[in-house]
Amino acid sequence: MPEQWIVIAGLAAGTFAIRIGGYLLGARLPKTGGWARAFTALPGCLISALLAVILVQGSTAEWIAGAIALIAALLTRNLPVTMIAGIATVWCARYFL
Amino acid sequence: MDQITLPPAKEFTSGFRDIAPLAIGVAIYGLAFGLLAAQAGMDEFLTGVMGLTVFAGSSQIIAAERLVSGAGALAAILAGVALNLRILLMTASMRAELAGRPLWQIVLGVHFTGDESWALMHATRAKGHPVGYWYLIGASSCLLAVWITATVSGVNFAHVLPDPVSIGVDFAFTAAFIAILCNLWPGMSALLPWIFSAATAGCLVLLAPIEPSWALALGGLAGAVLAGVKRDA
């Protein structure tokens, strides 16, 4: 079997196992108390961590664009507007810095 | 939680529509991935099969990169799977949406859980719209269609396109997640867990010799544990 097929089959199987594993884990853990608070907080915590990982690896251009995007998000609460503000700022900052 | 729920078809179309700005970014990355897939010896058919069965863009990119660099199939699989471990936490946090559903809907739901649609669903709900399972399915259906179309097209045409970084499109997802995080803000009770998550992930990236995707998962987990342990709010 060619290498490409092995990679696709392996990655597809591994990724699906992770996805269904998360469901089985979530379904089995308690629905109240500390566990429930942790699960409720999980999305925001994961996205905070994601942004931290991106920004600490980024340059000044990404930091400036991140700040402008944050201002746009807080002012407009609008996804496309925030994305356009961020892309435009990062493009300018990379060009001029 | 008792909530007013929308009819599934309406939720589906809302999700499909709301994800559109992110789908543009996904299309550009898809084209770039198609070029990489071609370099890794994959044709249109294989690229389409990979998009449909894996449906996790960043892991497909890293696996194809390892193949191109000659690291071998096992190394490519391990790199992609390691990157996807964060999805475990995402599908775990989908438990309310998946509870009580038939098996095929659970299988479809977990397969359709990806960074953008999962985050968008939580953010839309935090804004007060009663959306859930079918919203996620709608958003991911849009992304899957765009991802497969773009990656398959990219196999032959990506070399005529500019590099995503040179036009700032790599920042599209960062900006989107900033908007999504602002919408997710539930009040001061989240402040400490969010700061703790970000600080843990950031410090791990800078100081520990681990993959950034592991730093991300550990940071998210650290904040969630803090939220679970502290009793206020």
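Source: prediction; values computed, not measured. These numbers come from the heavy atoms of this one structure, side chains and all, not from hydrogens, waters or symmetry mates. Below, chain A is the first sequence line, B the second, and so on; all start at residue 1.
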> Is A:Gln4 reaching over with its side chain to a backbone N or O of B:Leu46, donor-acceptor style, under 3.5 angstrom?
Replying inline: no

>> Please report the interatomic distance CG(A:Leu79) to CG(B:Leu120), rounded to the nearest 0.5 Å.
In response: 6.5 Å

> Of the backbone (N, CA, C, O) and the side chain (C-beta and beyond), which part of B:Ala190 lies under 4.5 Å from a heavy atom of chain A, both, or neither?
Replying inline: neither

> Taking A:Ile8 as the fixed residue, which of B:Thr53, B:Leu52, B:Thr47, B:Ile77 is the one that meets the side chain to side chain contact (heavy atoms under 4.5 Å, CB included) rule?
Replying inline: B:Thr53

> Could you state the interatomic distance from CZ (A:Phe16) to OG1 (B:Thr91), rounded to the nearest 0.5 Å?
Replying inline: 10.0 Å

>> With chain A as the partner, which of B:Val81, B:Leu204, B:Leu226, B:Val229 has the greatest number of non-hydrogen pairs under 4.5 Å?
In response: B:Val81

>> Only pairs of heavy atoms separated by less than 4.5 Å count here; which of B:Leu83, B:Leu85, B:Ile195, B:Asp18 has the most with chain A?
In response: B:Leu85

> chain A: which of B:Leu221, B:Val225, B:Ile106 shares the most heavy-atom pairs with it under 4.5 Å?
Replying inline: B:Ile106

> With respect to chain B, which residue among A:Cys45, A:Ala12, A:Ala73 yields the maximal number of heavy-atom pairs within a distance under 4.5 Å?
Replying inline: A:Cys45

> Does the side chain to side chain contact (heavy atoms under 4.5 Å, CB included) test come out yes or no for B:Arg66 and A:Val7, once each step is laid out?
Replying inline: CA-CA 10 Å; B:Arg66 296 290 150 99; A:Val7 170; over 6 Å; no

>> Quick one: does any side-chain atom of A:Arg19 pair with a main-chain N or O of B:Ile87 as donor and acceptor, under 3.5 Å?
In response: no

>> As an exercise, state the distance from CD1 of A:Ile47 to CH2 of B:Trp194, rounded to the nearest 0.5 Å.
In response: 8.0 Å

> At a heavy-atom separation under 4.5 Å, does B:Ala176 approach chain A through its side chain, its backbone, both, or neither?
Replying inline: both

> Based on non-hydrogen pairs under 4.5 Å, which of B:Thr200, B:Ile24, B:Leu67, B:Leu218 is most in contact with chain A?
Replying inline: B:Leu67

>> Counting only non-hydrogen atoms closer than 4.5 Å, does B:Met94 touch chain A with its backbone (N, CA, C, O), its side chain (CB onward), both, or neither?
In response: neither

>> What part of B:Leu206 gets within 4.5 angstrom of chain A, counting heavy atoms only: side chain, backbone, both, or neither?
In response: side chain

>> Just checking A:Trp35: does its CH2 atom have more than 12 heavy atoms from other residues, nucleotides or ligands closer to it than 6.0 angstrom?
In response: no

> So what's closer than 4.5 Å to chain A heavy atoms on B:His122: side chain, backbone, both or neither?
Replying inline: side chain

> Between B:Leu78, B:Ile180, B:Leu184, which has the largest tally of heavy atom pairs under 4.5 Å with chain A?
Replying inline: B:Leu184

>> Do A:Leu50 and B:Arg86 have side chains that approach each other closer than 4.5 Å (heavy atoms only, starting at C-beta)?
In response: no

>> If I measure from the heavy atoms of chain A, does B:Asp115 come under 4.5 Å with its side chain, its backbone, both, or neither?
In response: neither

> So what's closer than 4.5 Å to chain A heavy atoms on B:Val205: side chain, backbone, both or neither?
Replying inline: side chain

>> I need the B:Phe171 CZ to A:Met83 CE distance, nearest 0.5 Å.
In response: 11.0 Å

> Is the NZ or CZ atom of B:Arg95 both under 6.0 Å from the centre of the six-membered ring of A:Tyr23 and within 45° of that ring's axis?
Replying inline: no

> About how many Å separate CH2 of B:Trp118 and CG of A:Leu46, when rounded to the nearest 0.5 Å?
Replying inline: 4.5 Å

